[in-house]
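Since the structure comes first, as structure tokens, the remarks are kept for the end.
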Amino acid sequence: MPTLKVKVDRDKCQGHARCAALAPELFELDELGNAREKGDGTLPNALVEKAWLARANCPEEAIEVEEKA
Amino acid sequence: MTRPPVNDWSTDFDHLDPRWVENPYPIWDELREKCPVAHTERFRGVYFPSRYEDVRAVAYDTEHFSSRRIIVRETPPPRIPAPPITSDPPEHRPAKNLLLPAFTPDAIKQHEPRTREICARLVEGFAGKSGCDAAADYAQEIPVRVIAVMLGLPEEEGDRFRKWIHEILELGITRPDILMKAMGETSAYFQVEIEKRKSVPRDDLITQLSRATIDGQPISEDHLLGALRLILIAGIDTTWSAIGSCFWHLAQHPEDRQRLVKEPALIPTAVEEFLRAYAPVTMAREVIKDVEIGGCPFKSGEMVLLSFPAANRDPRVFPNADRVMIGRKENRHAAFGLGIHRCIGSNLARMEITVALQEWLKRIPEFRLDPAAKVTWSEGTVRGPRKLPVLFG
Ligand code: SF4
């Protein structure tokens with residue numbers, strides 16, 4: 001299985017906070033409520049499903065799940 | 001008030017038509033397939049895109065669509081700014097950043113215990129009776145009180161706030177005189193409150209915003225009054241409508257109700273689905289440059305009803321869009337808007353709706369619509385039940 005990374009596109013994010021609610025292990029919010037991925041965004045296998053869920057619930061389509069180079 | 005009846009929704013729609021007020025969804029479903037961008041000459045020209053894709057395109061396009069007018073009215077009133085909702089870039093970002101810190105999920109969490117107490121107290125007030133008006137006695141009371149607490153105003157001022165909201169958002173669509181009077185009253189009210197906090201600051205939003213600065217400069221009095229008015233109005237009517245719709249649904253769907261009673265952990269997911277299916281808020285935009293969206297020309301000077309509720313019912317984006325499925329996991333709904341004007345109160349609204357359901361279902365697990373009474377709906381661009389008589393047990 002390839003290693004995956006989650007990433008928040010900060011230009012698209014409008015702070016709906018869905019990602020942080022659904023996958024608090026992967027996302028955190030800044031003082032204005034906009035999201036960023038925790039750490040370097042490396043996605044452990046156990047959290048893959050949560051990452052997809054967060055992605056599917058972001059109204060701005062700001063969450064990317066990519067294969068790590 | 002009698003309005004000429006609508007014969008053709010694609011070329012002559014009227015969002016104040018009683019059929020639209022009562023049940024707009026079949027109208028939108030039809031438009032979405034037959035005429036995805038409807039138009040009316042009423043209200044001096046308004047467009048109505050009903051597909052998710054087109055609603056999204058308008059929401060993101062701040063070059064052709066301005067937020068300086070956000071409500072479709074019969075006679076456009078003089079411009080009354082309520083930043084950031086009526087701001088366009090570049091003024092929008094700093095005006096919004098001013099308010100955001102008070103509305104992050106963490107900041108909102110602090111208001112949860114008080115909200116819970118308010119809900120519990122309200123339910124206890126009628127739990128022993130045979131029924132209540134779930135809109136007026138419950139849904140409506142919650143956001144009024146929570147917003148009062150946040151702004152630092154007495155919870156008992158609810159009646160006054162509700163009167164203003166009714167005048168500004170409903171009556172004001174066709175009666176500019178009532179609108180302007182209500183605007184004047186809110187300004188005068190807030191001016192007194194701001195003055196009080198100058199000598200004795202408090203731990204509330206009025207104090208916090210009266211000290212706010214943008215680029216080191218204090219914000220103008222107009223900006224401050226506009227923002228306070230926005231918080232008051234947007235914080236009450238919308239959430240009240242959303243809570244009311246949840247109870248309207250649950251009163252008619254015993255299987256969903258029983259499931260939430262048994263499985264309270266599902267409530268947050270159900271809340272998202274209620275928000276999708278019964279999204280209360282439609283905003284408007286003013287076309288400021290001719291443009292084409294969804295293959296249709298939009299002419300400068302006319303308005304657009306930006307219907308997030310219609311977008312949320314588009315089967316191209318949401319499978320079984322017309323069905324309420326409280327376990328729906330993938331739910332990229334647009335109830336709080338899309339793009340830069342995303343509702344800043346979304347975290348507050350979610351918290352209030354969730355707590356309102358939890359506290360009620362704990363005490364009143366069984367209820368249904370009162371067959372002898374009638375449910376009524378708001379008129380205008382915030383949709384929710386205004387009278388919702390239910391019987392317990
Ligand atoms: S859900 Fe999307 S828009 Fe909302 S905070 Fe997360 S990344 Fe940003």
Side-chain angles (χ1 to χ4, degrees), chain A, chain B residues 52-53 55-56 59-60 62 84 89 92-109 265 267-269 271-273 275-276 279 308 311-312 314 317-319 327-351 354:
Chain A
M1 207 159 160
T3 329
L4 296 173
K5 264 193 155 186
V6 282
K7 203 173 145 15
V8 175
D9 182 331
R10 299 273 287 173
D11 290 332
K12 287 191 185 165
C13 173
Q14 294 292 345
H16 290 255
R18 300 301 299 138
C19 53
L22 292 163
E25 303 89 338
L26 296 172
F27 303 96
E28 61 192 359
L29 303 175
D30 65 18
E31 68 292 348
L32 295 178
N34 294 319
R36 56 183 159 231
E37 62 280 356
K38 280 191 172 172
D40 71 349
T42 301
L43 179 56
N45 285 342
L47 292 177
V48 170
E49 206 180 313
K50 279 200 166 190
W52 285 106
L53 197 62
R55 187 176 174 275
N57 279 279
C58 172
E60 309 290 346
E61 303 192 27
I63 294 173
E64 292 150 21
V65 180
E66 314 166 325
E67 260 178 53
K68 205 160 153 179
Chain B
Y52 182 94
E53 200 192 332
V55 168
R56 183 179 172 94
Y60 280 112
T62 53
H92 171 268
R93 181 43 61 190
K96 185 168 185 173
N97 286 357
L98 219 56
L99 303 183
L100 282 174
F103 291 92
T104 63
D106 281 348
I108 292 305
K109 219 179 223 121
I267 291 180
T269 311
V271 167
E272 296 306 315
E273 177 66 347
L275 283 167
R276 181 191 69 80
F308 299 111
N312 279 351
D314 187 344
V317 178
F318 302 96
R328 193 188 288 266
K329 281 223 167 79
E330 301 196 355
N331 201 344
R332 184 179 277 155
H333 68 75
F336 293 109
L338 293 168
I340 60 167
H341 288 283
R342 187 270 302 176
C343 164
I344 53 163
S346 62
N347 299 309
L348 173 62
R350 286 187 158 106
M351 183 277 281
T354 308

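Here is how names work: the chains are called A, B, and so on, in the same order as the sequence lines, proteins then strands, and each is numbered from 1.
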Heavy-atom closest pair, residues A/L53 and B/K329: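 Taking A/L53 first and B/K329 second, the nearest heavy atoms are CD1-O, 3.8 Å.
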
Quick check: closest heavy atoms across B/L338 and A/P59, and the distance to 0.1 Å?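 Shortest heavy-atom separation between B/L338 and A/P59 comes out as CD2-O, 3.3 Å.
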
In terms of heavy-atom pairs under 4.5 Å, which option from B/N97, B/L99, B/N347, B/D106 contacts chain A the most? B/N97

Looking at B/G339, B/S346, B/P105, which one has more heavy-atom pairs under 4.5 Å with chain A than the rest? B/G339

Between [X] and chain A, with a heavy-atom cut-off of 4.5 Å, which part of the residue counts as in contact: side chain, backbone, both or neither?
X: B/F308; result: neither
X: B/F103; result: neither
X: B/I344; result: neither
X: B/H333; result: backbone

Heavy-atom pairs under 4.5 Å with chain B, option from A/A56, A/C58, A/G33 with the top count: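 Winner by heavy-atom pair count: A/A56.
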
Choice from A/E31, A/K12, A/H16 maximising heavy atom contacts with chain B below 4.5 Å: A/H16

Test item: [X] and [Y] side chains (from C-beta on) under 4.5 Å apart, heavy atoms:
X: A/L29; Y: B/T104; result: no
X: A/R55; Y: B/E330; result: no
X: A/E60; Y: B/R332; result: no

Supply the atom-to-atom distance A/L22 CG to B/T269 OG1, rounded to the nearest 0.5 angstrom. 8.0 Å

Distance in Å, A/N57 CG paired with B/R328 CZ, rounded so as to fall on 0.5 Å steps: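 Reported value, rounded in 0.5 Å steps: 11.0 Å.
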
Does CD belonging to B/E53 count more than 12 external heavy atoms closer than 6.0 Å?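 Open: at most 12 neighbouring heavy atoms sit under 6.0 Å from CD of B/E53.
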
